[in-house]
Structure formats: C-alpha cells, structure tokens
Chemist: 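Structure below; questions to follow.
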Amino acid sequence: MPTLSSRAGRATLGLLMLTLSALAVVVAATSTPVRAADPVTVLTSSFEDGTGQGWARRGTVELVENSTAVAHAGTRSLLTSGRTASWNGPSRDLLTTVTRGTRYTYSVWARAAAGAGSVQLRMSVERRWQGTASYEQVVNSTTVTDGGWTQLTGGYTLANDADFFAVYVETVSGTASFHIDDFSLSYLPPSPIQTDIPSLKTVFANDFPIGAAVGRPQLLAERGQLLAKHFNSVTAGNAMKWDATEPTEGVFNYTDADAIVAFARANGMKVRGHTFVWHNQTPAWVFNDANGQPMTATPANKTLLLARLEAHIRAVGGRYAADVSAWDVVNEVIDENQSDGLRRSTWYTITGLDYIRTAFRVARQVAPNAKLFINDYNTNVQAKRDKLYNLVASLKAEGVPIDGVGHQQHGNISWPTGAETDSMIATFIPLGVEQQITEMDTSIYTSSSESFTTPPADRLASQAARYKAWFDVYRKYKANITSVTLWGLADDETWLDSYPVSRKDFPLLFDVQLQAKPAYWAVIGAASPTATGPASPSPSPSRSPSPSPSVSPSASASPSPSASRSPSASPSPSVSPSPSGSGSPVSCRVKYTVTNQWNSGFQGDVVVTNTGPAAVNGWALRWTFANGQVVNQSWSSVYAQSGANVTITNAAWNGTIGANGGTASFGFLSSWSGTNTAPAAFTLNGNACALG
Ligand code: XIL
C-alpha cells in the first residue's frame, strides 16, 4: 500500500511500550494538578471468546477467523489465510476509539502460520477524509516466524481530520498466512507542561530564534502548548518535502504543511521551509522519463527533470512565499568522498550541478523574501565542510543566490565537541553567508548496538554537557548564526527511534512526558533540579521555605540573556522540607504502588497523604530500597538517591500538601533485578508515615 508520510512510522519503542506491557493498569489517586502517569488501556483483543472481536478482512477474499491452532495467551488467536495480496490482512476500526491528538501505543503479538516459516509483518493505520485515504506505518517491517510469538509495538497520533480510521497488520510482501493475538491500544495520560520554567525563546531572545521540527501531532494539546511556550521558529519535519507536497505529478497536497504554517502564524513564529531538493522522500515519478522508465543521463531527461523541479518549487515556494523566512533549497548534496565533493544522487547524475543552480534561481524568484540555504550534515567534519565551502564559494561566484549554510548538527552524547562545532562555524565566516543550525539533536547512543528503554542518568548528564558545549559556541557566534532549530519537540517522538536502528532514543530537551531534561537546564545555563552524579539526598534546610518556581520570575521574564543564564538565576531544587515540618508535627500516610514491572525496570506511583492538622509546605519523602533498586526518572517530583536511600522532593507546583487529608502524588521509574521488595518505611520531612 502506498505510504504518504513516514513520519508516524517512526515506531516508538521503549518507555511507553514497556510500561504498557503492564500486568495491571492502575489509575493512581492524584493530587491537583493531575499528572497521571499510568498507561490507560482503551482496547484489547484476546480472541478468547471465539469471535473476531471486531477485526475484519481488508480485502474481499482472505479469511480472517478465530483459531485454536496457536495462542499467545489462553487458547485462541486470530488467523488470516487465503491472502492474495500483501495488503490483505486483519483490520480493526478505531475511529470512535481514539482521541485526536493523543499518542497511543499499538501492540500486537504475531506469528506466522504453521509451515509458513519466516515472514515480514508490519502494522499500519489507514485514515480517510472525504474520500482520500492515507496509510502510515506504526511498526516497521518485523520478522515473525511460525516457531513463536513476536511483539509488534509502536506509537501513533491521529492528528488529521478523519472519517475512517483503522489499524491493520499486513505482510511486507507475499501472501503467507499469519496469526495475531493480544492486541492492545493504550495511552499515557499527558502530563501538563511546566509553565513555571523559562521559555527558551525568551532566554535566547537576544541571540537567535529557536525552533523545533514538528508534524501535526506537535501542534495539538500539551505538545502544542510546549511548542508555543518555548519556540519562536518551526520547521515542518516532513510536511513540506516532495513526497508530502507533490506525491503525484501536478497533484499538490498542502494539508499538513498548511496546518503547521497556520500554527506558526497564530503564535508569531518564523517558518523554516524544508526542503525543495533531496535524494530522499522524493517520489519515483520525479526520476522517471517520458515513458515512465527510470531516467538515464540524456539531454531530454535533463530538461524534463529540471522542468519538474522548477514547477515544484514554483508551486510550493510560491504558496508559502509570505510565511517561510528561510528555505533549505537543497539538502545533503555533498559527498566528501567524491573528488569534486558532489553526491552522486539522481539529481546529479541527470543534471550535473544544474539542479542546484535551477533550484536557487527559481526559489529566489518565487520566494524573494526568504533566505535561501544549502543544508547538510556532518559539517563538523573538516573534509565535509571543506567540500561544502568550495561548492558554495564557486556557486556564489557564478551568481547563484545562496544566502546561507545550514548545519544539521545531528550529534550524540560524545560528538561533535565544542571545538569541532566552533571550527564548523568559523570556517564559513569568510564566505559572508548566514549560518543556521537546522536539525540539532543529541542521541544518547554512541553505537548502534546500544539500547535503553529509559535513559540512564549518566547519559542524560553527558547529553546536557554536549548541548551546553554547542550552545556556548552558538552564542559566541550569534552575529553569524541566524537561527537554531532542534529536530523534534520532545523525546516522545523522534526520528532517531528508527534511525540508524530501531530502538528508543531520547535526543531532545524535553522528555517523553514533555518535562524539561537536564539538557534543557544546561542550555539555559542553570543547574538541573534533577541533576545526576553524586546525589545530594538532603536538600539544604537553609533554602527558602516557600517552594519557589524553578527559576526566579525576574530571570524568566527578563529578555536579557545574560541575566537568564547567569548562575545566580539557577533554579534551586524547589524544596524546603525541614522548615515546613518544624512548627507542628507532621503525620502522614504513604501509598506505594508498583504499577508496571518488566524484566529490568518498574514504574512506581506514590500518594502521600497529610493526615495532620497543618498544611505541609515543601516536602521530602525518604525511603530505603532493600534490593538494589535505582531510581532513574521521576515526575511531579525531584529525585535523588545515595546508595539505597532515596529522597523524593516536591516539584515546584506541588510543594504544599493540604491539612487533614491533602495529598501529593508522584511517579518514578527505577531499575531492579532479582527481587523488588516495596520499601518498608517512609518518612515525610523526617517524620515516620503510616503505610497504605
Ligand atoms: C527525517 C524525518 O524526521 C523522518 O520522520 C523521516 O522519516 C526521515 O527524515 N536529515 C534531514 C531531515 O534533512 O529531513 C530528516 O528528517 C532527518 C535527517
């Protein structure tokens, strides 16, 4: 089946999914504001009742039927056989089940039918709106066999209008029979965004616009709020690419790009256009000759290809001429391993350098107010940037209207260094071009063989240091850098979940629950309230007795970057447990629940009830783990651990626990192995609490 956009096909593994392989779904009691963190399951299909439970065939001939041949759990599954096309398979209508804007985790167990051997399956969704269908992958091609069950799991947000919406399982090719079982559809209730932390766009107001690459899901609900709060520039991660805008010759689709531009307009954001010319995400028809065959290098094909390029840029560039302030006119055209430095893409083999000349010339005509960029990755590598430098220098000498160089800056926790980034910027200054950081992210991995389901604290600390080193360089060169963009909004959805291999990655400034990470605090020049390293389990009693917002209001409101980044504006862990408990005795009750547990980790939810007659202002809850468990993330709270001793202090907004039954709730993720005994005792500001 055709795929109009691969954005949502970036399957999200990891935290979301693991927390969903839950033994039980428990909705925790909550304080105000609600920051529930337990996954909620909205649909399961076990097929144990002997029916298809709403699953039906997509085609007209295949058989989709309840089966007792094999079962993932229990005695039954759903078998699809008699398929005549790879897209035949079981499908489940979800139109009235899902909520638009909510990211759901889709999980199903699959197995090839007996004798079918090894089969490649994938899970996708079909959405239709007013007669037009779109297909998006939720789980990429996954090998399943007839010898056991394999889980397919991924995330997807329905963000478009739809009058039909269904999930389905199909083979990548061939017509093998297969079983599915134990489907589940779940979501993690969104956390409110932190409104009391400095907005990145305010912190960098005197430096450069700060942007994020987004799709439609990032415009909605909490994600839209996070985008509007922190960013004053936006890039369409996929929606302006050729496969999205002109999937068929002369047939343009601006649905998603228009939505992103409208959001930018409504929120006063700049728009970066990405991208007119790339060797990826370009439909096959573009490179087919007049007879529909792949082009060979002939004069006629060169003329045809350049005409298509011109028509495409006239249409897309013209449509957004009033909105896009910078276009990545060409993307990734350098190959430093070629002596001439030019990537041997089809663009190049058919047209030589003329595709670049044409693209810039036409872009300047139709979008005269946009700055025109040549964009590439690994410009931190000298060999690469030297080739790019030479190309830009010679094209500019010819009069090709190149305004700037875009540095993608996809990196990881150990690369590139600040020094390499400094050289990257410094190199291009003599060319007199603008420079923009266009696609920054920082993978927590340094090799393809690593994989974590939750980000280890030391990786997050390294990531924070890496981000800080880069931002230090950007600020140093703020006279030359006219925009800095992150390739994504938050860790809940990143292209690195499937590139270079499928695994969960955590490369951005906000975590999977949209909360600020150590990297966020590092780039604004403040100490992270969830800082790692040697833990300081006992918040200093000398701190202000009122739970302060993470950063002083004057710092966050100040447009002065030096003020906002000065260490004196550093957020203090917003706790002051000791003073609060000193006036009257605190009495308390603690309910500690393991809401999810998997082979190496678990999720805990804790409700603290103040059973005393006085409000508690600022709190620290302490316990000791008996089996070596180590907390590695928390929400609605700040965690620290020293040896087996865990200290959880309040977040900025839930420091007060009302008298006579007021509650505060928080959640955390922790590692465990062997045994996972719940703590036997808790203290709140030093006072022992009752259990339960
Ligand atoms: C990525 C998108 O984020 C993915 O959703 C898509 O599947 C592949 O492309 N360099 C670029 C971007 O210039 O366009 C790429 O975006 C990431 C690498």
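Because the structure is predicted, anything quoted here is derived from the model rather than measured. Order of listing sets the numbers, starting from 1, for every ligand and every atom in it. Hydrogens, waters and symmetry mates are skipped; everything else that's a heavy atom, side chains included, is used.
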Chemist: Look at atom 16 (O) of ligand 1 and find which of Q281, H410, K241 reaches it with the closest heavy atom.
Modeler: K241
Chemist: Take R223 and E493 through the salt bridge (Lys or Arg N to Asp or Glu O under 4.0 Å) test and state the conclusion after the steps.
Modeler: CA-CA 11 Å; R223 283 178 279 187; E493 190 170 332; 3.8 Å; yes
Chemist: Do L200 and L509 come close enough that some side-chain heavy atom pair is under 4.5 Å?
Modeler: yes
Chemist: By ring-ring contact (aromatic ring centres under 6.0 Å, His included), which residues pair with Y348, not counting sequence neighbours?
Modeler: none
Chemist: For Y467, what residues pass the ring-ring contact (aromatic ring centres under 6.0 Å, His included) criterion, not counting sequence neighbours?
Modeler: W470
Chemist: Does any N or O of ligand 1 fall below 3.5 Å from an N or O anywhere on W487, backbone included?
Modeler: yes
Chemist: Look only at the side chain of R385 and the backbone of N380, and say whether a donor-acceptor pair between them is shorter than 3.5 Å.
Modeler: yes
Chemist: Below 4.0 Å, non-hydrogen atoms only: which portion of N331 touches ligand 1? Side chain, backbone, both or neither.
Modeler: side chain
Chemist: Considering only heavy atoms of E439, which atoms of ligand 1 have at least one such atom less than 4.0 Å away?
Modeler: 10 (N), 11 (C), 12 (C), 13 (O), 17 (C), 18 (C)
Chemist: Looking only at N/O atoms, are W278 and ligand 1 under 3.5 Å apart anywhere?
Modeler: no
Chemist: Is D335 salt-bridged to R344, cutoff N-O under 4.0 Å?
Modeler: no
Chemist: With a cut-off of 4.0 Å, which atoms of ligand 1 are near a heavy atom of H274?
Modeler: 11 (C), 12 (C), 13 (O), 14 (O)
Chemist: Once you restrict to heavy atoms under 4.0 Å, what part of N280 touches ligand 1? Side chain, backbone, both or neither.
Modeler: neither
Chemist: Is any side-chain heavy atom of S483 closer than 4.5 Å to one of K270?
Modeler: no
Chemist: For ligand 1, is there an N or O atom under 3.5 Å from any N or O atom of N375?
Modeler: no
Chemist: Identify, by atom number and element, the atoms of ligand 1 in contact range of E332, meaning under 4.0 Å from any of its heavy atoms.
Modeler: 10 (N), 11 (C), 13 (O)
